[in-house]
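Here's the structure, in structure tokens; my notes come after.
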There are 2 protein chains.
Amino acid sequence: MDLLGERKLRMQLDAIDFRIMTILQANGRLSNQDLADKVALSPSACLRRVRTLEDNGLIRGYHARLDAQQLGFELEAIVHVTVDHSRPDWHDAFLQQVNSFDEVVAAYVVSGASNYVLHIRAKGLPAFSSFVVEKLNKLPGMRDICSYIVLKTVKDKLGELPL
Amino acid sequence: MDLLGERKLRMQLDAIDFRIMTILQANGRLSNQDLADKVALSPSACLRRVRTLEDNGLIRGYHARLDAQQLGFELEAIVHVTVDHSRPDWHDAFLQQVNSFDEVVAAYVVSGASNYVLHIRAKGLPAFSSFVVEKLNKLPGMRDICSYIVLKTVKDKLGELPL
DNA sequence: GCTGAAAGTCGGCACCT
DNA sequence: AGGTGCCGACTTTCAGC
């Protein structure tokens with residue numbers, strides 16, 4: 001098992017592989033032929049590289065990015081959570097619950113003053129408020145919750161690696 | 001100009017539109033024909049809907065998701081920053097600088113104890129350390145920096161809306 | 001590991017319901 | 001609005017270099 005979530009580099013990458021990844025990162029629906037043109041390779045050679053990158057897990061998937069604002073997800077927040085860690089079994093229970101909440105779009109175990117940092121998305125302030133009060137607050141061992149409501153997203157390049 | 005970054009809903013969406021978005025969100029490279037099958041529409045009708053969703057900005061793009069660990073980005077951190085806001089012009093300067101740093105993958109202006117929350121990705125602890133000391137610390141008006149190093153990513157659904 | 005050709009498949013458009 | 005049919009373009013496999 002992979003307890004630490006480590007992923008070792010499984011293949012040798014050359015400059016063309018990096019160009020392929022960079023291009024597909026910016027335009028995931030580019031046709032294989034256009035991609036082949038851009039990296040100066042024949043379509044078949046290009047496709048084989050893309051398949052290899054996919055098979056080795058370097059390309060983990062392709063996704064449409066939707067407009068959260070337009071779809072009604074108007075509020076984002078960063079929430080720091082401290083739990084009572086005197087009960088080790090609460091940790092797993094906490095993570096399982098956190099994972100099941102749709103409002104939690106990302107969750108991290110962190111070093112520092114808090115135990116967890118949660119990234120929250122909700123359809124407005126009332127929905128966020130009731131999430132905190134009725135869901136987060138009721139988790140076992142909850143000790144402290146500190147919310148930072150996002151007023152403006154200044155940079156949004158998560159999921160875009162600077163290769 | 002759009003000072004608040006608001007995006008109004010520009011079109012009426014029905015159940016099929018939501019299914020299309022959900023499917024493309026999970027598999028951005030699905031062929032139009034397969035997508036049409038899944039939503040029980042003819043390929044041409046399906047393609048027209050997808051184009052409309054793209055044109056109205058509901059689908060904002062398609063992107064390959066790469067494996068950050070395997071590509072050497074081993075360290076993630078949430079960094080809270082407080083700046084001296086007695087000088088209004090420092091705000092824009094700060095944001096501009098923050099945007100130019102590759103290590104900053106996301107940046108938010110937040111309400112609460114801190115002014116900004118930064119999401120950092122670096123190729124290891126030394127790189128992160130030198131980023132904080134040599135870049136962040138030297139920004140004008142910097143008052144306080146509080147780092148939370150990510151020990152484990154428990155949930156990672158940013159960019160996946162629960163429709 | 002790349003190229004080129006062949007066969008199946010798809011996207012995009014015109015036209016019709 | 002959604003469906004059908006067509007043609008050029010694309011994807012994908014495989015033999016050969």
Side-chain angles (χ1 to χ4, degrees), chain A residues 7-72 159-161 163, chain B residues 7-72 159-161 163:
Chain A
R7 271 179 290 272
K8 300 261 166 57
L9 190 58
R10 280 186 274 256
M11 61 181 290
Q12 202 89 16
L13 297 169
D14 65 10
I16 296 180
D17 292 316
F18 278 103
R19 290 196 60 204
I20 288 175
M21 288 190 287
T22 303
I23 292 169
L24 286 180
Q25 194 172 225
N27 184 356
R29 257 183 111 83
L30 199 67
S31 76
N32 180 58
Q33 200 157 267
D34 289 349
L35 180 61
D37 287 346
K38 292 203 184 201
V39 300
L41 234 55
S42 72
S44 57
C46 182
L47 182 62
R48 202 145 34 81
R49 277 171 182 267
V50 172
R51 291 279 179 270
T52 306
L53 290 169
E54 289 168 356
D55 292 345
N56 289 41
L58 277 140
I59 296 177
R60 303 183 67 187
Y62 303 89
H63 306 278
R65 181 166 40 97
L66 305 182
D67 189 318
Q69 299 294 323
Q70 221 177 139
L71 289 165
E160 244 176 275
L161 300 179
L163 304 177
Chain B
R7 272 178 290 272
K8 301 260 166 58
L9 189 58
R10 279 186 274 256
M11 61 183 288
Q12 202 89 15
L13 297 169
D14 65 11
I16 296 181
D17 291 317
F18 279 103
R19 291 195 59 205
I20 287 175
M21 288 190 286
T22 302
I23 292 169
L24 287 180
Q25 194 172 224
N27 184 357
R29 258 183 111 80
L30 199 68
S31 76
N32 179 58
Q33 210 159 264
D34 289 348
L35 179 62
D37 286 346
K38 292 203 184 202
V39 299
L41 233 55
S42 73
S44 61
C46 182
L47 184 60
R48 244 175 310 138
R49 276 172 182 267
V50 173
R51 292 280 177 270
T52 307
L53 290 169
E54 290 168 356
D55 293 345
N56 289 40
L58 277 140
I59 296 177
R60 303 183 67 187
Y62 303 88
H63 306 278
R65 181 167 39 97
L66 305 182
D67 189 319
Q69 299 295 322
Q70 221 177 139
L71 289 164
E160 244 175 276
L161 300 180
L163 306 176

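Residue numbers begin at 1 in each chain, while the letters A, B, ... track the order of the sequences.
- Following rounding to the nearest Å, A/Leu35 (CG) and D/dT12 (P) show an atom-to-atom distance of 12 Å.
- As a whole-Å value, the separation of B/Glu54 CD from C/dG11 P is 12 Å.
- A/Leu41 has its CG atom 17 Å from the P atom of D/dC10, to the nearest Å.
- Here the side chains of B/Leu71 and B/Gln69 are not in contact, with every heavy-atom distance at 4.5 Å or above.
- DNA chain C is contacted by both A/Asp14 and B/Arg51; A/Asp14 maps to the nucleotide lying nearer its 5′ end (nearest heavy atom per residue).
- A 4.5 Å side-chain heavy-atom check between B/Asp17 and B/Leu58 finds every atom pair outside the cut-off.
- Counting non-hydrogen atoms under 4.0 angstrom, A/Arg29 reaches nothing in the nucleic acid.
- Rounded to whole Å, the distance from CG on A/Asn32 to C1' on D/dC10 is 9 Å.
- Remark: C1' of D/dT12 and CG of A/Asp55 are 15 Å apart, rounded to the nearest angstrom.
- Counting atom types as modelled, B/Ser44 pairs no side-chain N or O with a base atom of C/dG12 as donor and acceptor under 3.5 Å.
- Expressed to the nearest 0.5 Å, how far CG of A/Asn32 lies from CG of A/Leu47 amounts to 4.5 Å.
- Both B/Ala40 and A/Asp34 lie near DNA chain D, and the one whose nearest nucleotide falls closer to the 5' end is B/Ala40.
- Distance from the side chain of B/Arg49 is smallest to D/dG2 among D/dG2, C/dT3, D/dT12.
- Separating the CZ atom in A/Arg49 from the CD1 atom in A/Ile59 is a distance of 12.0 Å, to the nearest 0.5 Å.
- Separating the CG atom of A/Leu47 from the C1' atom of D/dT11 is a distance of 7 Å, rounded to the nearest angstrom.
- Distances shown here put every side-chain N or O of B/Arg48 at or beyond 4.0 Å from the OP1 or OP2 atom of C/dG12.
- The side chain of A/Ser42 lies closest to C/dC2, out of D/dG3, C/dC10, C/dC2.
- What separates CD of B/Gln33 from C1' of D/dT12 is a distance of 15 Å, to the nearest Å.
- Backbone-only engagement by A/Ser31 is indicated by non-hydrogen atom pairs under 4.0 Å involving sugar-phosphate atoms exclusively.
- With rounding to the nearest 0.5 angstrom, the CD atom of B/Gln33 is 11.0 Å from the OG atom of B/Ser44.
- Atom CD1 of A/Ile16 is separated from atom C1' of C/dG1 by 11 Å (rounded to the nearest Å).
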